[in-house]
Structure formats: C-alpha cells, structure tokens
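Here the structure is laid out as structure tokens; the discussion comes afterwards.
Every value quoted in this text rests on a predicted model; they were computed, and no experiment measured them. As the structure lists them, so they are numbered: ligands from 1, and atoms in each ligand from 1. Numbering starts at 1 and runs along the sequence shown. The figures here come from the full heavy-atom set of this structure, side chains too, leaving out hydrogens, waters and symmetry mates.
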Amino acid sequence: MILLQNTAWLPEAASTVAPEVDRLFHFWALVSALLLIGVVGAMTFFVVRYRRRHRDEVPAPVKEKKSIELAWIVVPTILVMIVFVWGFRVFIKMYTAPPDAYEILVHGYQWYWEFEYPNGVKTTGELHVPAGQPVKLRMTSADVIHSFYVPAFRVKQDVLPDRYSALWFEATKPGEYTVFCTEYCGTQHAGMLAKVIVHPREEFEQWLESAGIPEDMPLAELGARLYREKACFSCHSIDGSRLVGPSFKGLYGSTRTFEDGTTAVADENYLRESILQPGAKIVQGYPNVMPASYASLSEREVAALIEFIKQQQ
Ligand code: CUA
C-alpha cells in the first residue's frame, strides 16, 4: 500500500497518524471492493441463470433459507463493528494531543494564516515545526470560519471566530507540506494556502532564534516583509497589474477617485486610513472587500507599509 502514496490515490504520509488513517482507509476500500464484486457478480450470475425462458413460465415460490439470512445480518454487522472500533481508536488518537506537545497559536484571516510561537515570533503563510515532536495548534479566526487542512499529515480542523479549536500532529520527516483552507471563506478562499516547513529538531531551535524581527530593521525593509507576510500581495500587485485591490505601483502621490465621485491625493494620511479603516474611502471600480483585521498592526508596522508603498513608483 506504501506504493500508492504520492499518487492521485493518496498524498505522501508525513505524520505519525497518517499510516494509521491510511491502513483503515485501505481496509475499508478493499472490503468495499470485495462486496461490490460479490454483489454485482451474484446479480449478473442470477440474471443469466434464472432468466425467463418461455412466455408462460411461472417461477417456483421462494423459500427462505435461515442460514443465508443470518449470514447477511451477521457478516455486515461484524464488518461495521470492526471499522467502528478501529476508527474510534484512531479518532481518539488524532484528537488527543500528548501533554508535552509544543504549542503554536494559529490565526485564520481572510485570506491568510498567521502563526505565533511561544517566544513571540510570528510568521504568516509558513508554519515552522520540528520533526519528531508532537505539535499542538491552538486555532482561532479573526473573521469567518476557515478550516486548517494538511493532507500529508491527514489532519483537518475547522477554525472558528470567538473560540479556540485544536489540532495536533507529529511530523515524521523534514520537508515542505501544503496547508489548505477547506471551508469556503470568500473571494480568495482558494488562495488561502500556507506551507508547513518541518525542520530537523536542532535546526528548528536555530530558526526560532533567528526568526524574530530585529528592532532596528529599516522601515522599507520591514514593509517589504509585511507585504509578503501579511499577504498584501494577494490583492495588491507592485507591478501595476490589476488584482482584487488597486496596485501599489505609482499609488503614492497619485490622485484617487472614489465611489462617491470625490477625489484625494494618496498621501501618508490617506494610506494610513486605507490600511486601518479600509471601508472609509473606496476607490472607484474596486469592491469594498479589504478585511478590517489590519487594524491590529502596530504603529511601526503601519509606518513600514507606508514606506514600502511610497517606494513602489
Ligand atoms: Cu479560509 Cu477558506
């Protein structure tokens, strides 16, 4: 069954629970296939064997046979009980995190994932974890329902506003795996992807130490980093191409025309307002869909983004 991995049949199995899920799945797929062959085979055989041969032929009355009736009650009952007990055990294991699990906070936003580590480091779009250690995700959403899904780990869990949900896994080998959002959450739902980057253990410690944003990072550099990490790029291009929102190219200093026909020059105050209160002024021809979640950016982060936008001439 290992041979079937990394195909359209099944993605790579890269967590401790994945092989268990796959075994159960393969068992059920095999039983279903055998039942299908048995039922369709018997049906075909009976259709041919007992077909009507003459127009006036009347079949003999059917007599029940206790042993056959018993068999089709007992056999399926045993099969579903096997799958119930087996599935329940795997389910309990999947949803009970070991007490020593390394805990990471996950925030779902329209339309990106943000991860916060115990030492305060935050990443967007990339979840860094150590291999060979249980990791528990405590997850919540800032806006609508999202769902966190890593096919290679065989784990999936809804992420809801106003409450925490949890998920845990132990990655077995270093590498990169894809996170999907599997709950329709708006325009960019399909693009709400992230990467899980599994590091060897020692390397993870090193990464964690180096990942913090230095206090003295120049504003424009920090802005470029935020543009990437806060997923601004999914709606605002820097090459002038039109996405969901206006491009940043040539934005600073240009005259903007709004829905209500008024105009304003895009100066620092305009940019600041548009980041923190996206609905305040809507540029003509664009939908009012920017999430309000950027209001949680710090003063320095807002300044950094403005600096970055100013550079896109
Ligand atoms: Cu978030 Cu779909």
Problem - Under 4.5 Å side-chain linkage, directly or through intermediates, the cluster mates of Phe180 - result: Tyr149, Leu193
Handout entry: Remaining members of hydrophobic cluster (4.5 Å side-chain criterion), Leu105
Key = Tyr164
Problem - salt bridge (charged side-chain N to carboxylate O under 4.0 Å, His left out) partners for Glu203, two or more places apart - result: none
Exercise for the section: Starting from the C-alpha separation in whole Å, work towards a yes-or-no answer on salt bridge (charged side-chain N to carboxylate O under 4.0 Å, His left out) for Glu301 and Arg225. Expected result: CA-CA 10 Å; Glu301 289 172 324; Arg225 182 162 166 168; over 6 Å; no
Exercise for the section: Sort by chain and number the protein N/O/S atoms found under 2.8 Å from atom 2 (Cu) of ligand 1. Expected result: Cys181 SG, Glu183 O, Cys185 SG, His189 ND1
Practice task
Assess the pair Tyr177 and Phe169: is the distance between their ring centroids shorter than 6.0 Å?
Solution key: no
Practice task
Spell out, yes or no, whether Leu305 and Leu219 are grouped together once hydrophobic residues are joined by side-chain heavy atoms under 4.5 Å, including indirect joins.
Solution key: no
